[in-house]
Amino acid sequence: MAEINHFEYGWITPALSYALSVLGSILGLICAGRIRTAGTAGQRAWWGLLAAWALGGTAIWAMHFIAMLGFAVAGTRIRYDVPLTAASTAIAFAAVGIGLAIVGTGRLNPVRLVAGGIFTGAGVAAMHYTGMAAMRLNGTLRYDTTRVGISVAIAVVAATVALWLAMTVRRPLAIVASALVMGVAVNGMHFTGMSALSVHAHEGQGDVTGTGMSTLLVPIVLAVIFGVVGLLYALLAAPTDDDRAAAAYLDGRRAPAPAAAPPAAAPDPVGLRARSTLGQPGTPFPSRREMPPR
C-alpha cells in the first residue's frame with residue numbers, strides 16, 4: 001500500500017479551503033435570503049441559481065479541489081480526468097439547487113427540510129467521490145466503507161443544517177457565524193472521506209494519463225474569482241429591503257393630482273339663458289312682426 005500525504009504543503013491548503021468554503025457559504029446564505037423576499041417567480045429562480053452556485057460551486061466544489069492540492073501519493077504522479085471533474089461540478093451545483101428548491105417552495109416544514117437535506121447531502125457526497133474517481137495515478141483506489149458511510153452522514157447533516165440556515169438566518173452576524181460552522185462541516189466531510197482512501201500501487205511505473213492539477217488550477221481559480229465578483233455585483237446591484245421600504249414610503253407620500261375644476265358659467269344678468277330659443281347658437285333673434293298679438 002502506497003504512502004499518502006494529505007497535507008503536502010502543510011496547513012496552507014486546508015486553511016485556503018476553509019476560507020473558500022466560508023466565503024461561499026456567506027454569499028450563498030445572503031443569496032438564499034433574497035429568495036424569501038423576491039416578489040416574482042423569476043426573481044426567486046434567479047436568486048436560487050446564485051445561491052446554488054455560491055454554495056455548491058464555491059463553498060463545496062472549489063473547496064474540494066483546493067484541498068486536493070495538498071494530496072500526494074508516494075511514487076506516482078496524480079492526474080485528473082477532465083470530463084469527470086466537470087461532472088462533479090455539475091453534481092454539486094444541481095444538488096444544492098434542487099435542495100434549495102425543495103425547501104424554498106411553500107412553507108418550510110420538517111418533511112421538506114429532511115427531504116432537501118438528504119438529497120443535497122447525497123449529492124455533495126456524490127460530488128466528492130466523483131472528483132476522487134477522476135484521479136488518475138499508478139495505483140488502485142480503495143475505500144473503507146465505514147468511513148465512507150460516516151462522510152455521507154456528515155454530508156447529509158451538514159446539508160440539512162445549511163438549508164435550514166439558508167431559509168431562516170437573516171442578520172449579518174448570524175450569517176457569518178453560520179458560515180463559519182458550515183465551513184467546518186464541509187471540510188470535515190471532505191477530510192473524513194479522504195481518510196477512507198487507500199492506494200495500492202501497481203508494479204512498475206506506467207504512463208499516467210489526464211490533466212495535472214497545476215493545469216486545472218488556473219481555470220478553477222478564474223472560475224472562483226469571476227464567480228465571487230459576479231455574486232458580489234448581483235448582491236450590490238439588487239435593491240435591499242430598506243430600499244423597497246423607502247420606495248413604498250415615497251410612493252405613499254405622493255399626493256394625487258387635484259381634479260380639474262369645471263369651467264365657470266358666464267354671467268347672465270337679464271336671464272337670456274333661460275329662453276331655450278336663445279340658448280342655442282345660430283337661432284335668429286325674434287322680430288316684432290313674428291310676435292303674437294296681445
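Values reported hereafter were calculated over all heavy atoms of this structure, with side chains retained and with hydrogens, waters and symmetry mates removed.
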Min side-chain heavy-atom separation T168-L108 under 4.5 Å
yes
I'd like to know if the side chain of R147 reaches the main chain of S195, judged simply by a donor and an acceptor atom lying under 3.5 Å from each other, with no hydrogens or angles considered.
yes
Please report the closest heavy-atom contact between A51 and V96, naming both atoms and the distance.
O-CG1, 4.5 Å
For V186 and A59, work out which heavy atoms get closest and say how close.
CG1-O, 3.5 Å
M182/V161 under side-chain contact (heavy atoms from CB on, under 4.5 Å): CA gap, chis, key distance, verdict:
CA-CA 8 Å; M182 289 171 62; V161 174; 5.7 Å; no
Side-chain donor-acceptor distances from residues 119-134 under 3.5 Å, at least two apart:
from	atom 1	to	atom 2	distance (Å)
T120	OG1	A95	O	3.3
T120	OG1	G116	O	2.8
H128	ND1	H64	ND1	3.3
Y129	OH	S151	OG	2.7
T130	OG1	A126	O	2.6

Could you tell me the separation between the OG atom of S198 and the CG atom of D144, rounded to the nearest 0.5 Å?
8.0 Å
With heavy-atom distances below 4.5 Å as the criterion, would you say the side chains of T58 and L27 are in contact?
no
Separation of I175 CD1 from I26 CD1 (nearest 0.5 Å):
8.5 Å
For the CG atom on L222, are there more than 12 heavy atoms of other groups (residues, nucleotides or ligands in this structure) within a distance under 6.0 Å?
yes
Rounded to the nearest 0.5 Å, what separates atom CG in L29 from atom CE in M167?
9.0 Å
Ignoring hydrogens, what is the shortest heavy-atom contact between I102 and R112? Give both atom names and the distance.
O-NH1, 3.0 Å
For residues L50 and Y233: do they belong to one hydrophobic cluster (side chain heavy atoms under 4.5 Å, members Ile, Leu, Val, Met, Phe, Trp, Tyr)?
no
Is there a continuous path of hydrophobic side-chain contacts, each under 4.5 Å between heavy atoms, that joins L231 to I225?
yes
Yes or no on side-chain contact (heavy atoms from CB on, under 4.5 Å) for V103 and W164, after CA distance, side-chain angles and deciding distance?
CA-CA 8 Å; V103 300; W164 178 76; over 6 Å; no
Please answer whether the main-chain N or O of I35 pairs with a side-chain N or O of R44 as donor and acceptor at a distance below 3.5 Å.
no
Determine, stepwise, if the pair R136 / L84 fulfils side-chain contact (heavy atoms from CB on, under 4.5 Å).
CA-CA 11 Å; R136 299 290 179 263; L84 276 179; 3.9 Å; yes
Closest non-hydrogen contact found for W47 with L235 is CZ3-CD2, 3.6 Å
Kindly work out whether a path of hydrophobic side-chain contacts (I/L/V/M/F/W/Y, heavy atoms less than 4.5 Å apart) joins I30 to L49.
yes
Between R79 and T209 the two heavy atoms that sit nearest each other are CB-O, 3.3 Å
Could you pull out all donor-acceptor pairs under 3.5 Å where a side-chain atom in residues 7-24 meets a protein atom, sequence neighbours excluded?
from	atom 1	to	atom 2	distance (Å)
S17	OG	T13	O	3.3
S17	OG	P14	O	2.8
S17	OG	N187	OD1	2.9
Y18	OH	L180	O	3.0
S21	OG	S17	O	3.3
S21	OG	Y18	O	2.7
S21	OG	N187	ND2	3.1

Taking all non-hydrogen atoms of both residues into account, name the closest pair between F65 and S88 and its distance.
CE1-OG, 3.9 Å
Side-chain heavy atoms nearer than 4.5 Å, only ILVMFWY residues, links allowed to pass through others: does that put L55 and V181 together?
no
Go through the steps for V224 and W61 under the test side-chain contact (heavy atoms from CB on, under 4.5 Å), then give the verdict.
CA-CA 10 Å; V224 170; W61 180 81; 5.8 Å; no
If you group Ile, Leu, Val, Met, Phe, Trp and Tyr by side-chain heavy-atom gaps below 4.5 Å, do I78 and L141 land in one group?
yes
Say you draw a straight line from CE of M68 to CE of M194; how long is it, rounded to the nearest 0.5 Å?
4.0 Å
